[in-house]
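In what follows, chains are A, B, ... by sequence order, proteins preceding strands, each numbered from 1.
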Amino acid sequence: MTVLRLSSITKRFGPLVANDAISLDLARGEVVALLGENGAGKTTLMNILFGHYVADEGTVEAFGKELPPGDPRAALDAGIGMVHQHFTLADNMTVLENIALGTEPLFAPRFRREAARQKIRKLSADFGLEVHPDSLVSALTVGERQRVEILKALYRDARILILDEPTAVLTPLETDALFATLRKLVAEGLSIIFISHKLNEVMAISDRVIVLRAGKVAGERRTADTDRKALAALMVGQDLVSPPVAPAVTGPALLVMEHVSTPRRGTGIALSDVTLSLHSGEITGVAGVSGNGQAALAGLLSGLETPQSGSMTVQGHGPDGWSPVAALEAGIARIPEDRHAVGAIADMSVMENVISERYRTPRFSKHGFMDWKAARNFAEEIIRDYDVKCPGPDARIRLLSGGNMQKLILGRALDPEPVIILANQPTRGLDVGAIAYVHGRLLEARARGAAVLLISEDLDEILTLADRIVVISGGRLSAPSARGERTVRELGELMAGHAEAAHAP
Amino acid sequence: MSEAFDILFQTTFWVAAIRIASPLIFATMGELICERAGVLNLGIEGIMVAGAFAGWFTVYSGGDLWAGVLVAAATGAAFGLLHSTLTVPLGLSQHVVGIGVTLLATSLTYFTYRLALPEVTSPPKIEAFQPLPIPFLSDIPLVGPALFAQTPLTYLAFITVAIVAWVLYRTPLGLAVRAAGENPSAVEAQGISVTAIRMGAVMVGSALMAVGGAFLTMSAFNSFFFEMVNGRGWICIALVVFGSWRPGKALLGAILFAAFDAYQVRLQQVTGGVVPYQLFLMLPYLLSILALVLVARRATYPKALMVPYQKGER
């Protein structure tokens, strides 16, 4: 039985065709994965379905009835629930208030809190969505917030659930719990649209995969009849070749830390007694579970943090007056962990963002006046050389997709040919095409003799790129191991905090 | 010094404090509703002026006192409609629009006053609201006359606080208003129009501000003159912050400020010209800044306050 049918949906934003005659249908109890790179049109399609956008052409039918365009209320009433990628929760309100918002007549004299609490408790228990109804949303973890979003849909008796990149913010454990919940929902007869660009998750949860590419349906497969490789090819439009990794040519140590500890800051984990050297022509990978001191390590390299004890030398010089400016002057380039919060100034232009680390150098300013012509030329150069898809140097950077923003930041960091590169989670949230691009560029930098420190929670990424691997756990580093020296299992144990018996410094 | 202390035990002092607090209570509740929905309404000062005139002029022209209150509220709502049309669907700067509404409402009021009463030199008087003592309760020493021998409008101010608190925390509508001030996309995602909620809140809030203004001409005094609102609107903006956007705490803030104000007037008489009186005039404002520093530093403000919401924008 078909519960949902989208017929030739077309949506244009100016000259850009975000959705080009897309049709899709969903059966009862089915999980359909909508797979595609960032910018392929997945989220736009779902926003049309949910009434946030109005389609230029095409219709949406739920349970045999056509939905009026541009009306979220109609979608909700038809039993469609959406879990947005960016949660739509009010932080200073309770779980219960967030869930019950809009479910009762607005002008009712009383809000029936107790009835709502009972219903939420029951749904939580039935579907394994553990969360306390009276907690403030601001006190919840990301995983719990997502549960609240799912509860919001179930509370309204949704029969169709749309999840937009639901695992992007979850830990592997939370992802497993989410999948268990989704399986329970499907068993109850709900239908699910699962939007993702992660192939392994799509393979794990879906019955059918619809691949979008550049706003069009590139293909449709039964999950049982396909594999990751075939899907990746459909998604990118060509067979994806991972960049070849040439053997490392290790040069001299460019940055040496000996027994470095950093001061404690709030609840963050500080580095304790860390010894590490970064060599020219080598990628050093730091593996570990998030929140084990990665932030302190990245802060130390980028100049935001200074050693409390121990010594650090950068190309032979001590860290006197160590600061972000000193780090830049010492030739350390930074690809920050959170490109939105730290890497870019969202409402400033591409041009202003690419010179933000260097606007005080003679190249971009003279006698206290900006040389905008040089800045514009530089921005155009980066856009061209790093294949950034954007309207031009004057576009606000917030309008760029994640992959393109990251390419721009990559260009900004790598263009001055830095000797040391701090790449902190450089591919988080990117699609396969963009990941391959970033990896290729990092390998290029290594080939020209840069020392790269790659911090990543993605073990596959570390195993692919790193010539030497250290594991960070509780602010301490394990002894380094060469490529292929430790097994995944051994690394996993180190990540979980089990120190090796013989710990050689 | 004992004289300065004795003031606190005078019945007239407490009666005055509650009377001074009444217009502040109305307007503070109005501002609180707007801000809870995510809109800073700096039109408050001008809307109070307009309300003061509209209420008074209705009665002066032969209307009933309560009709005057209604006309004042409607005038406020009209300015609220103007303010919210500019700030909500059009998403203009709430600061600039607010100041614009204050200037417009003030000048328009003075203009209308001159048009209506071109010949008058001293402001004409009306028969204002009279105190309505509540039997038995008003006989309680000190508290009784202060709380239970006031005009009906003062009672209405206290009732308004209870209603605002009930609506905000106990009804689905209040939930939607608070959510609109915290995260408008949460409201939209649940199928409620952010535009409707915010515009409605600003109109109701502005109506309350205007009633606060009308209190001045119809209860505290009995005529309308220029500059009579005299910055009370701005004080209410501070009182909302002082009250951490909670009706009960904001009510306490209004009474506290009014008590300071009533106190300084009496203190001037006690010190009798030794200290320049301007110092005492300054006192309530100084103390309210101090109170803000102490109380409101850790207040959690509505997260989407002053953030325009545009549907479909990412």
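- Annotation for B/Glu182 and A/Ala90: closest pair CB-CB, 3.5 Å, computed over non-hydrogen atoms.
- Proximity of a side-chain donor or acceptor of B/Asn183 to a complementary backbone N or O of A/Leu89 within less than 3.5 Å is detected.
- Neither the backbone nor the side chain of B/Val167 comes within contact range of chain A, judged by heavy atoms closer than 4.5 Å.
- No more than 12 heavy atoms of other residues, nucleotides or ligands sit less than 6.0 Å from atom OH of B/Tyr301.
- Within the 4.5 Å cutoff, the side chain of B/Gln190 has no heavy atoms near those of the A/Arg73 side chain.
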**Prompt:** Could you go step by step and tell me if A/Leu106 and B/Ile197 meet the side chain to side chain contact (heavy atoms under 4.5 Å, CB included) rule?
**Reply:** CA-CA 10 Å; A/Leu106 266 190; B/Ile197 293 287; 4.1 Å; yes

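- With a 4.5 Å cut-off on non-hydrogen atoms, A/Phe50 touches chain B through its side chain but not through its backbone.
- Nearest heavy-atom pair, B/Tyr169 versus A/Arg113, reported as atom, atom and distance to 0.1 Å: O-NH2, 3.4 Å.
- Ranked by heavy-atom pairs shorter than 4.5 Å toward chain B, the options A/His84, A/Lys152, A/Arg110, A/Met82 are led by A/Arg110.
- Contacts of A/Ile99 with chain B are made by backbone atoms alone, with heavy-atom separations under 4.5 Å and no side-chain atom involved.
- Only the side chain of A/Arg156 comes within less than 4.5 Å of a heavy atom in chain B; its backbone stays farther off.
- Within the 3.5 Å criterion, the main-chain N or O of A/Pro109 finds a donor-acceptor partner in the side chain of B/Trp166.
- Residues A/Asn92 and B/Lys303 form a side-chain contact, since some pair of their non-hydrogen atoms from C-beta on lies under 4.5 Å apart.
- Nearest heavy-atom pair, A/Leu101 versus B/Ala186, reported as atom, atom and distance to 0.1 Å: CD2-O, 3.9 Å.
- Between B/Thr171 atom OG1 and A/Phe107 atom CZ the span is 9.0 Å, to the nearest 0.5 Å.
- The shortest side-chain heavy-atom distance between B/Leu175 and A/Met93 falls under the 4.5 Å cut-off.
- Note: A/His86 NE2 to B/Ser185 OG = 10.5 Å, rounded to the nearest 0.5 Å.
- Nearest heavy atoms, B/Ala189 versus A/His52: CA-CE1, 4.4 Å.
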